[in-house]
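The figures here come from the full heavy-atom set of this structure, side chains too, leaving out hydrogens, waters and symmetry mates.
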Amino acid sequence: MAPKDESSLLHILSSNVIPRPQEADFIRHEIRGMKSQISLLRSQLRSLEKRLLQHEMALSASRKVPFEILGEIFELLLPDVLDDADRKTLIDLTLVCKNWREAALQKHRLWSGISLELARGKEKEIPVFYCGDKVTSWLGRAGGAPKTLKVAASCPEDDCYKKGAKKCHLSQPALVQLLTITIPTLHNLSLEALFSNCVENLIQAISTPIWEALPLQSLSVKFTEQWYCAAKPASKHPLNIPSATTALSVTLPRQDWYRGPPAGTGEIALKNDYDRLTTIFLRIDWPKKALFDTLALCTKVENLTLDLQNHQGKTTDDPIVKSYSASGIHLNNLRTLKLERIDRDGAWILQVLRAPSLADLSISFTSGYRPAGAKVNEQRTLSVWHLREWAACIATHAGTLSTLRIHDVAIYKRSSFAGLFTVPLPCLKRLTIDRVEFNSSFFDDLKERKGDKLFPRLAILEVLEAAASCRASSILSFLGGGARRTWTSKGWEYIIETPVERTIKHVTITYYCNPAITNAVLQEQPKETLDAAAQFRRGGTSFDIGPLYIEPKVQKPLKRRMRPGAECADSDCDECTYLAEESTDSQTSEEEDEDEEEY
């Protein structure tokens, strides 16, 4: 007899009894029903989860983000000039949703720059994207934003410097059409080539009148192999600048110290081209005469950046420096001067330049004084003599400087960084000390020299990537934060007092974390220092201070040394002494001597 319901099968479902054929058929029927019901419930669950997700997305905070903010996020994600991979990323962002596409289209800068790389060993033909309406449509989305084209060519034949070379990447018709027809309103052009003749080949392919008429506001050229000038003096120099260009960036090949400077060393561009340039970036390590002859023509430059690549020059350059120092190179319109990768003996550049309107000065040594976490290389530090040289240069512009930045250098341990400031800087509003390793008494020395009179209008102070020995409390004391240094039984300590009136508006202090120290310990500032910073904030000063990165002290294992004549092997014997204890006592004695000397 077949069962009527599941209750009649309880004796089978709750035991190991083998069901009869009729009972087995009923069980199979029940299983099919339960599976069908499960499928229906799962379908309903998926439908309900989909509705739930739609309702949650309707209340998502991302919907409230304005298109302008999304555009700013996309701009931070992508570089200024997009290559093939970056363009694909931008297209992927526009395909996420309608809002993201609209945000990307409204951010015109995202579409304003494209990069073309013609690598060595590949076909020299330009990809299809750059030859038709695609590039026009792409740059058309940039609206009124300045349009930029970057071309990096690596000619496979390496014969572009030879007369009659026909396989230069920059001379192909597709690139000529791209510059003259496809992108008629190009603002910024960047060219990277092996030889200076590659640019000359491009100008000849375009024709000199058309090249000079291009509406380029900024031109950047970089040569990696050789600088070559034509043998005939009457012939035009390969770097001819369009008439509309006001900003020029030139990266020249490195000088070969064994063979002398590159062939044809002389002026970088035609003499008349410099009359309209207001912004110049020059990366050069050639003889100083070539640099001076070029700078002497930049009479209207307002922003000048010199990357000297740690160039020290040769002894034969000394008479040239003295000659130009006597007469000087007069740049009356120069307001911003940035010196990058300059050697510690590079004060000669400021001794030569005459810039009565100089307001912003940045000196970046990038000398590698502490390579890969090693000890400071004293051969690359600023000694007392170097500080005097640089201090004299800064004093020359003391009446006009409003911002000053010193970057990446170490001060000799027996010198005081305060020696860099010998005269008041009445117009200085911003002082940036970026990754400068100096002794801990720098700000104390400044205070003793009456720092409030040295920088009477200082509004922004930035001490960035400082060494752990730089005490924030001494900076507070210098700024008038009420921190008074007092000698106690524990050493030098700072007592927080009532803050005084000050002109400082923004202070930033960060500390350097050496990447060679993988187990650096993060240490917060003392409570007294944080309390003093809070007093600054209550007084209306923005004060940001970061934590310290301390190298952990590793306790060395004790090494037992027997006294002469002792033969006892027992570690508890009075005849034994320990090297670690002697080392600790010696170190403590040295620290006491340093404290007494400082006191």
Does Ser207 reach the main-chain N or O of Ile203 with its side chain, forming a donor-acceptor pair under 3.5 Å?
no
Taking side chain to side chain donor-acceptor pair (under 3.5 Å) as the test, write out the residues that go with Arg283, two or more places apart.
Asp307
Ring pair (Phe, Tyr, Trp, His ring centres under 6.0 Å) with Phe421: which residues, sequence neighbours excluded?
Phe455
Tell me, do Trp385 and Asp345 make a side-chain contact under 4.5 Å, heavy atoms counted?
yes
Taking the side chain as every heavy atom from C-beta outward, state whether His187 and Thr148 have any pair of such atoms under 4.5 Å apart.
no
Note, Leu404 side chain near Asp360 side chain (heavy atom, < 4.5 Å):
no
Compare every heavy atom of Ala398 with every heavy atom of Pro426, then report the nearest pair and how far apart it is.
CD-O, 3.5 Å
Flag, side chain of Thr208 to backbone of Gln204, donor-acceptor distance under 3.5 Å:
no
How long is the straight-line distance from CG of Leu216 back to CG of Leu179, given to the nearest 0.5 Å?
7.5 Å
Work out which heavy atom in Cys298 is nearest to a heavy atom in Ile280; give both atom names and the distance.
SG-CD1, 3.3 Å
Looking at side-chain heavy atoms only, is the closest gap between Leu306 and Leu295 below 4.5 Å?
yes
State whether the side chain of Thr508 and the backbone N or O of Asp544 hold a donor-acceptor pair below 3.5 Å, judged by distance alone.
no
Distance-only polar pair, side chains of Thr400 and His397, donor-acceptor under 3.5 Å:
no
Is a side-chain N or O of Ser243 found less than 3.5 angstrom from the main chain of Glu212, in a donor-acceptor match?
yes
Please enumerate all residues that pass side-chain contact (heavy atoms from CB on, under 4.5 Å) together with Asn303, with sequence neighbours excluded.
Thr279, Thr336
I want to check something: taking the side chain as every heavy atom from C-beta on, are Ile241 and Arg276 in contact at a cut-off of under 4.5 Å?
yes
Hits for ring pair (Phe, Tyr, Trp, His ring centres under 6.0 Å) against Tyr324, two or more places apart or cross-chain, chain-then-number order -> Phe292
I'd like to know if Asp293 pairs up with Lys289 as an ion pair, taking the criterion as any Lys NZ or Arg NE/NH1/NH2 lying under 4.0 Å from an Asp or Glu carboxylate oxygen.
yes
To the nearest 0.5 angstrom, please state how far the NE2 atom of His407 sits from the OG atom of Ser362.
8.5 Å
Roughly how far, to the nearest 0.5 Å, is CG of Leu387 from CZ of Arg344?
11.0 Å
Are Lys150 and Glu192 within salt-bridge range, i.e. N to O under 4.0 Å?
no
Grab the two heavy atoms, one from Arg87 and one from Ser115, that are nearest each other, plus how far apart they are.
NH1-O, 3.8 Å
Can you list everything that forms a side-chain contact (heavy atoms from CB on, under 4.5 Å) with Ala104? Sequence neighbours excluded, please.
Phe74, Leu90, Thr94, Leu110, Trp111
I'd like to check Leu339 versus Leu350 (side-chain heavy atoms, cut-off strictly below 4.5 Å). Are they in contact?
yes
Regarding Ser416 and Asp445, do their side chains bring together a donor and an acceptor under 3.5 Å, going by distance alone?
yes
Partner residues of Lys300 under the salt bridge (Lys or Arg N to Asp or Glu O under 4.0 Å) criterion, sequence neighbours left out
none
At what distance, to the nearest 0.5 angstrom, does CZ of Arg335 lie from OG of Ser357?
6.5 Å
Using the test side chain to side chain donor-acceptor pair (under 3.5 Å), find all partners of Gln351 that sit at least two apart in sequence or belong to another chain.
Glu389
Donor-acceptor contact present, side-chain Ser325 to main-chain Val352, <3.5 Å:
no
First locate atom CG of Leu334, then atom OG1 of Thr278, and finally report the distance between them rounded to the nearest 0.5 Å.
11.5 Å
4.5 Å side-chain heavy-atom contact, Leu425 and Leu454
no
Salt bridge (Lys or Arg N to Asp or Glu O under 4.0 Å) with Asp434: which residues, sequence neighbours excluded?
Arg405
What pairs with Phe442 under ring pair (Phe, Tyr, Trp, His ring centres under 6.0 Å), at least two apart in sequence or on another chain?
Phe417, Phe438
Quick one: does Asp343's side chain have a donor or acceptor within less than 3.5 Å of a partner on Gly346's backbone?
no
Looking only at the side chains, is there a donor atom on one of Gln217 and Asn188 sitting less than 3.5 Å from an acceptor on the other?
no
Compute both the distance and the angle, then confirm whether Arg435 meets the cation-pi test with Tyr512: under 6.0 Å from the six-membered ring centre, within 45 degrees of the axis.
yes
Could you grab the distance from atom CG of Leu337 to atom CD1 of Ile349, nearest 0.5 Å is fine?
7.5 Å
Flag side-chain contact, heavy atom, 4.5 Å: Leu458 against Leu431:
yes
Between Cys427 and Gly399, the two heavy atoms sitting closest are SG-O, 3.2 Å
Nearest heavy-atom approach of Phe281 to Thr251 is CE2-OG1, 4.0 Å
Who pairs with Pro356 by side-chain contact (heavy atoms from CB on, under 4.5 Å), at least two apart in sequence or on another chain?
Asn332
If every non-hydrogen atom of Gly328 is compared with every non-hydrogen atom of Arg354, which pair is closest and at what distance?
CA-CZ, 3.8 Å
Mind checking what makes side-chain contact (heavy atoms from CB on, under 4.5 Å) contact with Arg109, not counting sequence neighbours?
Glu75, Asp80, Ser112
Going by the rule side chain to side chain donor-acceptor pair (under 3.5 Å), which residues pair with Glu462 if we only count those two or more places apart in sequence or in a different chain?
Arg430, Thr432
